Protein chains: 2
Amino acid sequence: MQVFVTVLNESPRVDWRTARRDAARATILAAAWDLVRTEGLAALSLRELARRAGITTPTVYSYFDSKNAIFDAMFGEGARTFAAIAVQPFESDDPRERLLACTKRFMDFCISDVPRYQLLFQHSVPGFSPSAESFEPAIRALDVVREQLALNGVHDERHVDLWTALTTGLVDQQISNDPGGERWSRLVDGATEMFLAHCATERTAT
Amino acid sequence: MQVFVTVLNESPRVDWRTARRDAARATILAAAWDLVRTEGLAALSLRELARRAGITTPTVYSYFDSKNAIFDAMFGEGARTFAAIAVQPFESDDPRERLLACTKRFMDFCISDVPRYQLLFQHSVPGFSPSAESFEPAIRALDVVREQLALNGVHDERHVDLWTALTTGLVDQQISNDPGGERWSRLVDGATEMFLAHCATERTAT
DNA sequence: GTCTATAGCTGGATAGAC
DNA sequence: GTCTATCCAGCTATAGAC
């Protein structure tokens, strides 16, 4: 019994603390997301962040070492969300349908949260680079795209690059020139058809 | 004779002044471009700008009303340069070759000066929107692209949108992920082929 | 851990002498 | 027109009481 008591007295207490710490960090991060979504990525200041989180600036520093540490944590959150969305199972077994579904997920992910997109995929914050830990989930998610491309017979690195340019181009135009609409996002079906047909002809040509 | 004297005494004096003013403005703008090219668009501060131009901050204000007025003048310069490049005559008479040349000009223009690209085509400066006068040349230049697309049988607005997404996507990936290289810019030939083939099939289909 | 208070800096913009 | 000097606002980050 004594063994259990020690375990219950020490190990859980550490868990409580870390849990409370993580909860506080999560609260701050939620306020940060709320702030950048309404005011833009560049408008994230520690004063305003603290104000919205109901604390003061020095308190923020007891949970994050610096402003860039906050950006890094946000980057990590976004990347994990992206990875979670990417690895969800697909409804169809058709490779083409799966690539399309995968791409639509990516575009929805980007368009539905522009500051998150800017943080993750545009190098939009001066002086900030994500840590390797925060970056890792994003790589996993992009591997899903490569996998779907491969299942459609797309292996050439140049074609993969062309694909990333095409999809990010659609996202960028949508966000920049028709925010809230679907002028470019609706073109994804035609774009995918165009792309796969192109890859097919280049395969038969060689 | 008296008539000539008055003309020579007044009209040229006004020209001198405006010429000197324009020259001073041009000097400041040159320093501004130099600054943003080395330090980035966000790093343009009036202090550093004045230091590089060899003047002081208040002097800048005697030539520009505000910092955004400087951005607007830079935008106008960039847009006029873009228009001048776009309207240059093409070597070939083949519509496809001309579209390709037109696109390569656009991509070179963007890639060769990233801050200028960010100022003109990404809405990258918080709180700044170009004036109508500064914006007008950019519209003319983009009309050249539409014209070349039309000569290749591309009239559908959706296809034009797809084209802008494709080309800006290539530019963006090139700038963001392979600065100084040509990993994406070299894909422009294949991308054009892909795009025109797609438009052709959709025309025959209807 | 949380606060008050503030350091230390940089930014845009202006007043007023010359 | 150009300068010196300065205002005022914003920022990140920290010192030190509690």
Side-chain angles (χ1 to χ4, degrees), chain A residues 13-32 34-36 38-75 115 119 124-129 131, chain B residues 13-32 34-36 38-75 115 119 124-129 131:
Chain A
R13 262 172 82 158
V14 173
D15 282 347
W16 278 6
R17 287 202 183 168
T18 58
R20 285 191 66 82
R21 238 192 115 72
D22 289 349
R25 284 173 59 100
T27 304
I28 294 174
L29 285 183
D34 189 57
L35 174 54
V36 298
T38 57
E39 305 295 328
L41 255 191
L44 187 132
S45 74
L46 296 185
R47 278 158 153 60
E48 181 64 15
L49 169 58
R51 198 189 65 77
R52 292 201 181 205
I55 54 178
T56 57
T57 341
T59 305
V60 177
Y61 279 91
S62 70
Y63 292 102
F64 296 95
D65 287 341
S66 67
K67 186 180 177 179
N68 273 358
I70 297 175
F71 276 126
D72 197 56
M74 294 174 78
F75 190 103
L119 178 62
S124 186
V125 180
F128 166 68
S129 292
S131 62
Chain B
R13 265 174 78 156
V14 173
D15 283 348
W16 277 7
R17 288 201 182 167
T18 57
R20 284 192 66 83
R21 238 192 115 71
D22 288 350
R25 283 173 60 100
T27 304
I28 294 174
L29 285 184
D34 189 57
L35 174 54
V36 299
T38 57
E39 304 296 328
L41 209 50
L44 189 140
S45 74
L46 296 185
R47 280 160 150 69
E48 180 65 13
L49 169 58
R51 199 189 63 77
R52 292 201 181 206
I55 53 178
T56 58
T57 340
T59 305
V60 177
Y61 277 91
S62 70
Y63 291 102
F64 296 95
D65 287 341
S66 67
K67 185 180 177 180
N68 273 358
I70 297 175
F71 276 126
D72 197 56
M74 295 173 77
F75 190 102
L119 178 63
S124 185
V125 180
F128 166 69
S129 292
S131 62

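What you are looking at is a predicted structure, and each value in this text was computed from that prediction instead of being measured. In what follows, every chain begins at residue 1, and chains take the letters A, B, ... in the order their sequences are listed.
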Mind running side chain to side chain contact (heavy atoms under 4.5 Å, CB included) on B:L119 and B:V36 for me, showing each step along the way? CA-CA 10 Å; B:L119 178 63; B:V36 299; over 6 Å; no
Could you pull out all residues at least two apart from A:D34 that satisfy salt bridge (charged side-chain N to carboxylate O under 4.0 Å, His left out)?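 For A:D34, the residues satisfying salt bridge (charged side-chain N to carboxylate O under 4.0 Å, His left out) (neighbours in sequence not counted) are A:R52.
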Applying salt bridge (charged side-chain N to carboxylate O under 4.0 Å, His left out), can you list everything that pairs with A:R21, at least two apart in sequence or on another chain?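 Residues passing salt bridge (charged side-chain N to carboxylate O under 4.0 Å, His left out) with A:R21: none at all.
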Looking only at heavy atoms, what is the nearest atom pair of A:L44 and A:L35, with distance?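 Heavy atoms of A:L44 and A:L35 come nearest at CA-CD2, 4.0 Å.
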Could you tell me whether the side chain of B:I70 reaches within less than 4.5 Å of the side chain of B:L49, counting heavy atoms only?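 Answer yes - side chains close enough.
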A:A73: side chain to side chain contact (heavy atoms under 4.5 Å, CB included) partners, not counting sequence neighbours: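 Residues passing side chain to side chain contact (heavy atoms under 4.5 Å, CB included) with A:A73: A:R25, A:L29, A:F64.
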By ring pair (Phe, Tyr, Trp, His ring centres under 6.0 Å), which residues pair with A:F71, not counting sequence neighbours?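 Scan of A:F71 (ring pair (Phe, Tyr, Trp, His ring centres under 6.0 Å), adjacent residues dropped) gives A:F128.
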Does the side chain of A:T59 pick up a donor-acceptor pair with the side chain of A:S62 at under 3.5 Å?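 Their side chains do not contain a donor-acceptor pair, so the 3.5 Å distance test is not met.
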Start and end of the DNA chain C segment that chain A contacts, any atom under 4.0 Å from a heavy atom: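 Extent of the interface on DNA chain C: C:dG1 to C:dA5.
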For B:R21, which contact category applies under a 4.0 Å heavy-atom criterion: base, sugar-phosphate, or nothing?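 Sugar-phosphate contact only - B:R21 comes under 4.0 Å of backbone atoms but never of a base.
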What pairs of nitrogen or oxygen atoms, one from the protein and one from nucleotides 10-13 of chain D, lie under 3.5 Å apart?
residue	atom	partner	partner atom	Å
D:dC11	OP1	A:S45	OG	3.1
D:dC11	N4	A:R47	NH2	3.2
D:dT12	OP1	A:K67	NZ	2.9
D:dT12	OP2	A:L46	N	2.8
D:dT12	O4	A:R47	NH1	3.2
D:dA13	OP2	A:Y61	OH	2.6
D:dA13	OP2	A:K67	N	3.0
D:dA13	O5'	A:Y61	OH	3.0

